[in-house]
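One structure below.
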Amino acid sequence: MHNQWDVELSFEEDGVNTACEARLTGARAPGLSAHGESVKSADDRPLARIGEEMAASRALEELSRKLAAQATGEIDDEGRRPNYLIY
């Protein structure tokens, strides 16, 4: 069996704040999304790439936590089923 999930990152920037939305996509992906933000300090040079990297990093960390929590919940649910219902 082959299965593929992709991570889609989209950004919104206003010159100071950068927001990133991370989504798992794919036919069998769990449909999770997460949000990350970064704020440019007044002392920082105007490099949008760094803000995007930080916001993406934070969104991916949150996405990872959500995915782990979902998997843990599904494992717990399977453990509560009577043996004759486990497939």
Side-chain angles (χ1 to χ4, degrees):
M1 176 180 81
H2 174 77
N3 190 14
Q4 179 173 327
W5 297 355
D6 295 309
V7 177
E8 179 182 290
L9 302 175
S10 57
F11 299 92
E12 292 286 331
E13 301 176 62
D14 66 9
V16 175
N17 302 294
T18 302
C20 176
E21 195 70 26
R23 283 182 207 80
L24 285 176
T25 61
R28 294 183 45 184
L32 295 174
S33 64
H35 182 80
E37 295 182 3
S38 66
V39 179
K40 183 178 90 57
S41 169
D43 297 333
D44 292 342
R45 295 183 316 167
L47 296 173
R49 178 180 49 86
I50 295 172
E52 289 175 348
E53 290 169 352
M54 288 305 301
S57 170
R58 291 170 179 158
L60 291 170
E61 284 176 331
E62 182 182 337
L63 186 61
S64 175
R65 286 191 297 273
K66 285 182 174 183
L67 188 57
Q70 181 170 315
T72 299
E74 290 173 358
I75 290 168
D76 290 346
D77 289 347
E78 288 296 317
R80 290 189 196 104
R81 289 183 184 197
N83 285 341
Y84 61 86
L85 293 178
I86 297 177
Y87 47 94

Looking only at heavy atoms, what is the nearest atom pair of A55 and A19, with distance? CB-C, 4.4 Å
For a quick test of reading the model, state the closest non-hydrogen atom pair linking A56 to C20 and the distance between them. CA-SG, 3.7 Å
Would you say L63 and F11 are hydrophobically clustered, going by side-chain heavy atoms of ILVMFWY under 4.5 Å? yes
Could you tell me whether E62 and R58 make a salt bridge, using a distance below 4.0 angstrom between a side-chain N and a carboxylate O? no
For A29, which residues count as a side chain to side chain contact (heavy atoms under 4.5 Å, CB included) partner, sequence neighbours excluded? W5, L24
How long is the span from the OG atom in S64 to the CD atom in E61, to the nearest 0.5 Å? 8.0 Å
For the pair S10 and R23, evaluate side-chain contact (heavy atoms from CB on, under 4.5 Å) and give the outcome as yes or no after the intermediate values. CA-CA 9 Å; S10 57; R23 283 182 207 80; 3.7 Å; yes
In Å and rounded to the nearest 0.5 Å, what is the NZ to CD distance from K40 to E13? 11.5 Å
Please check if atom CD in Q70 has more than 12 non-hydrogen atoms from other residues, nucleotides or ligands closer than 6.0 Å. yes
Atom pair CD/OG1 of E53 and T18 - distance to nearest 0.5 Å: 11.0 Å
L67-V7 co-clustered via ILVMFWY side chain contacts under 4.5 Å: yes
Distance from M54 atom CE to R49 atom CZ, nearest 0.5 Å? 12.5 Å
What is the minimum heavy-atom distance between G36 and A59, and which atoms define it? N-CB, 3.6 Å
Check: K66 and P30 side chains under 4.5 Å, non-hydrogen atoms: no
